[in-house]
Amino acid sequence: MSENDTLKMYLQDTKHTNPIGIFDSGIGGLTVAHAVKKLLPHEQIIYFGDIAHLPYGDKSTAALQAYSIKAVDFLLKHNCKVILFACNSASAAAFELIKEYTATRAKVIDVIQPVVNYVANRFDGKNIGLIGTRQTINSNAYLQKINQANKNVSLSSLATPLLASMIEEGFFNNTVSKSVIAEYLSDESLQNIEGLILGCTHYPLIKKDIELFFQENFTQKVEIIDGSFIVAEEVRIFLEQNNLLNPYSTKEDVFYVSDLTKSFEETTKIFFKKKVELELYKLWE
Ligand code: DGL
């Protein structure tokens, strides 16, 4: 079936009042959920954080594909009109598979392509850095998509495997996070960059520490590229172009997790300025 036919069939069965599903291994996707809510306050969000399988960044491609299928099945049961892969590791490992799997049932959007489009326009002829989990960096997903964009952007990629777990444990904006960040970002490969892609949705939570590190240690200005709003804008454009925007909010957002943790509860409070009730949903009983 052509992409056009898939879109037509999807639009026939999709109501604008259906929710947006957002999926990550844990709190990282909340950075994207927060941006979506800011741009699209009337949309209902169904969030799923697969905390039981965290961190995703060190899992195999096959494992991430299996978790993603289960998570997407769950979001499809909630009739999500869009499913947002708010996780770079899952986007790198499973996005293409999930696109085929959902077919006409939902529109799936990943966090990598929208950021690559932004970078290709803004950093032509320049050097940029990318930090992310082992899964994201080893997959070369960013590099391949940047090459497809046919622009002269040179990319230096660095795996920073400790960062997501550190953030998930609540270590951000403190001395621990500052010294781990300094250790990673002093890497020689990042010395000449003019932009740094935060290639993990957990990292916007340490964006201030990262900015400060570059201000204090680099002579050139380094733009920190946080994909949250870039991706939220992609969702907004898609909904608008297809007449799927929800004009009135009718239902509360719902947050599901595959395991209950204090840090998830704390972080939802930071982003949504209120205590959010968490529902437990296990991918496998
Ligand atoms: N937030 C996720 C990402 O963007 C995954 C972090 C992890 O669970 O390792 O890659």
Side-chain angles (χ1 to χ4, degrees), residues 21-36 47-68 70-72 83-96 98 108-116 118-119 129-143 145 157-172 177 180-181 184 196-207 210 224-232 234-235 255-259 261 263-264 267-268 270-271 283:
I22 302 186
F23 155 56
D24 180 43
S25 60
I27 61 177
L30 293 173
T31 59
V32 183
H34 169 71
V36 168
Y47 189 92
F48 178 66
D50 190 12
I51 293 188
H53 297 114
L54 186 105
Y56 269 16
D58 294 336
K59 300 289 185 306
S60 67
T61 300
L64 294 187
Q65 290 179 340
Y67 303 154
S68 300
K70 284 282 201 177
V72 164
I83 294 178
L84 188 48
F85 261 57
C87 173
N88 288 263
S89 312
S91 295
F95 181 66
E96 292 305 323
I98 294 296
V108 277
I109 294 180
D110 74 323
V111 281
I112 298 179
Q113 190 65 56
V115 171
V116 166
Y118 173 84
V119 159
L130 164 71
I131 53 172
T133 65
R134 280 200 190 96
Q135 167 64 230
T136 301
I137 300 301
N138 293 344
S139 73
N140 278 327
Y142 275 91
L143 187 64
K145 288 181 195 290
S157 307
L158 181 73
T160 47
L162 268 185
L163 294 184
S165 307
M166 177 189 86
I167 295 163
E168 198 72 34
E169 283 299 316
F171 289 99
F172 37 91
S177 62
V180 177
I181 287 165
Y184 278 134
L196 179 74
I197 301 173
L198 303 183
C200 170
T201 52
H202 281 68
Y203 301 173
L205 286 155
I206 51 169
K207 187 175 171 186
I210 292 177
I224 309 303
I225 304 154
D226 163 4
S228 335
F229 278 91
I230 299 172
V231 172
E234 181 90 5
V235 176
F255 293 83
Y256 292 92
V257 281
S258 54
D259 197 9
T261 61
S263 79
F264 195 95
T267 313
T268 41
I270 299 178
F271 281 123
L283 288 187

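First listed ligand is number 1; within each ligand, the first listed atom is number 1. Position 1 is the first residue of the sequence, and the numbers go up from there.
Less than 6.0 angstrom separates the ring centroid of Phe255 from the ring centroid of Tyr47.
Ligand 1 has Cys87 within reach: a non-hydrogen atom of the residue lies less than 4.0 Å from it.
Checking only distances, Asp58 never comes within under 3.5 Å of ligand 1, N or O to N or O. On a distance-only criterion, Thr133 and ligand 1 share no N/O pair closer than 3.5 Å.
The number of heavy-atom neighbours closer than 6.0 Å to CZ of Phe171, taken from other residues, nucleotides and ligands shown, is 12 or below.
With hydrogens and angles ignored, the 3.5 Å screen pairs a side-chain donor or acceptor of Lys59 with a backbone N or O of His53. In terms of modelled atom types and a separation under 3.5 Å, the side chain of Glu168 and the main chain of Ser263 share no donor-acceptor contact. At least one donor-acceptor pair closer than 3.5 Å links the side chain of Thr31 to the backbone N or O of Thr201. Judged by distance alone, the side chain of Ser89 and the main-chain N or O of Thr136 form no donor-acceptor pair under 3.5 Å.
Considering only non-hydrogen protein atoms, atom 10 (O) of ligand 1 sits nearest to Ser89 OG, 2.7 Å. Protein heavy atom in closest approach to atom 1 (N) of ligand 1: His202 ND1, 2.7 Å. At the shortest separation from atom 7 (C) of ligand 1 among protein heavy atoms lies Tyr56 N, 3.3 Å. Looking only at heavy atoms of the protein, atom 9 (O) of ligand 1 is closest to Gly57 N, 2.8 Å.
The ligand atoms of ligand 1 that sit less than 4.0 angstrom from a heavy atom of Ser25 are 5 (C), 6 (C), 7 (C), 8 (O). Interface atoms of ligand 1 facing Ala164, defined by a heavy-atom separation under 4.0 Å, are 6 (C), 7 (C), 9 (O).
In this structure the side chain of Phe95 never reaches within 4.5 angstrom of the side chain of Ile112, judged on heavy atoms.
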